[in-house]
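First up is the structure itself, then whatever we jot down about it.
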There are 2 protein chains.
Amino acid sequence: MSYLGVGVSPGNVPVYHGSNLKVIDRRVRLAELVLRCVICGLAILSAFLVGTDTQVKEIFTIQKKAKFTDMKALVFLVIANGLVAAYSLAQVLRCVLSMIRGSVLFNKPLAWAIFSGDQVMAYLTLAAVAAAAQSAVLAKFGQPELQWMMICNMYGKFCNQIGEGIASGLLVSLSMVVLSAISAFSLFRLYGDNKRKSSGRW
Amino acid sequence: MSYLGVGVSPGNVPVYHGSNLKVIDRRVRLAELVLRCVICGLAILSAFLVGTDTQVKEIFTIQKKAKFTDMKALVFLVIANGLVAAYSLAQVLRCVLSMIRGSVLFNKPLAWAIFSGDQVMAYLTLAAVAAAAQSAVLAKFGQPELQWMMICNMYGKFCNQIGEGIASGLLVSLSMVVLSAISAFSLFRLYGDNKRKSSGRW
């Protein structure tokens, strides 16, 4: 993880550059690609699980149908997952293109765009999962102080599937957190200079 | 924001170092200090507003008391705000110390610790605010599909104060997002070398 001394003396840079670092860089980019593919898949899974979940219950002669649009937080979760899936797909294409071309990210505006996008998606998915989880807890346990009944004893299958969708969403947001750290690294290393006495630049 | 060319030729580094960059570095550290103080204050305000909020309502002869512990999400918000206030206070002391000493952050383990702490706090406060906001929306508008009644028509004063607490919490989490970007910059610039052809190091 640490290449502290490398680059302090400009003379030794080309020695390291040709061998080890290219391999490490390729591995980081491969990890990024895999992570983005996983996020795309899990986000679609989460949106699908939540979005297609319905259960019909007959109480006496009245039919009641539970669906995800009954809770605004679940609608928000489906939208957030859709957005992050589309975003990840676009990023996967970019990653594949840059791997085919063998280019390394030196373009600051592009690095800023990727960093910002990843940050927004990480915070968005986390907020969506937190809100959905809060709703799910209320649905599961109710809130007796406010006379809000638990509803999962009535709609057991519906609640389980929502739970699976929220779990996938949680994995998406945790992966986005890791990815946003990787893109922060890719951006801000462009501002470093490894000169111990002069790194006060922004 | 951009010092693209600086440091590419090692010969010119000392020229920039003595004047401009020290000033910029001091400004960044001052901004960090101010932001941490603001976060500490707002987090205490938010925890205080939510934590001390109660309202007693008499319905016929029965007295009902609304308090923040009726909703788990509000308890989570108070705890998260308490944590972030304590964390920010510790960081403010560190910032002041490093400003008095005039030292610049070159210690990688410390930079990693600050980066990780800021990331955790940013995601924690955002999740807490999202969950609390979701509960607040339910309390304000109810959820007729689930027979969850709105309660803010009964406890108007209570709900308003909770709303103010959540707004402060939102400002805290947005400031933490900015701060975590600053600490990512402070950490990852230590890994850069500004050599266009050899920045594949991790």
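To find a chain, count down the sequence lines: A is the first, B the second, and so on, and within it residues start at 1.
- Of the atoms belonging to B/Val177, heavy atoms from both backbone and side chain fall under 4.5 Å from chain A.
- Residue pairs meeting the ring-ring contact (aromatic ring centres under 6.0 Å, His included) criterion with at least one partner in residues 128-154 of chain A, sequence neighbours excluded, are A/Trp148-B/Trp148.
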Side-chain donor-acceptor pairs under 3.5 Å in residues 150-171 of chain A, sequence neighbours left out?
from: A/Lys157; atom 1: NZ; to: A/Thr54; atom 2: O; distance (Å): 3.1
from: A/Gln161; atom 1: NE2; to: A/Leu49; atom 2: O; distance (Å): 2.9
from: A/Ser168; atom 1: OG; to: A/Glu164; atom 2: O; distance (Å): 3.2

What pairs of donor and acceptor atoms, side-chain ones from residues 113-124 of chain A against any protein atom, are under 3.5 angstrom apart with sequence neighbours left out?
from: A/Ser116; atom 1: OG; to: A/Trp112; atom 2: O; distance (Å): 2.6
from: A/Asp118; atom 1: OD1; to: A/Arg36; atom 2: NH1; distance (Å): 3.2
from: A/Asp118; atom 1: OD1; to: A/Tyr87; atom 2: OH; distance (Å): 2.5
from: A/Asp118; atom 1: OD2; to: A/Arg36; atom 2: NH2; distance (Å): 2.9
from: A/Asp118; atom 1: OD2; to: A/Ser183; atom 2: OG; distance (Å): 3.1
from: A/Tyr123; atom 1: OH; to: B/Ser180; atom 2: OG; distance (Å): 3.3

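- When side chains are defined from C-beta on, A/Leu33 does not count as touching A/Gln91, because their heavy atoms never get closer than 4.5 Å.
- Considering only heavy-atom pairs separated by less than 4.5 Å from chain A, the leading option among B/Val137, B/Leu138, B/Val129 is B/Leu138.
- Most heavy-atom pairs under 4.5 Å with chain A, from the set B/Ser173, B/Pro144, B/Ala130, B/Ala128: that is B/Ala130.
- Counting only distance, with no hydrogens or angles, the side chain of A/Ser46 and the backbone of A/Leu42 share no donor-acceptor pair below 3.5 Å.
- The stretch residues 61-73 of chain A places A/Lys64, A/Asp70, A/Met71, A/Lys72, A/Ala73 near chain B, each with some heavy atom under 4.5 Å from a heavy atom of that chain.
- For the residue pair B/Ile39 and B/Ser175, the shortest heavy atom distance occurs at CG1-CB, 3.4 Å.
- Listed here is the closest heavy atom pair of A/Ala43 and A/Val172: N-CG2, 3.5 Å.
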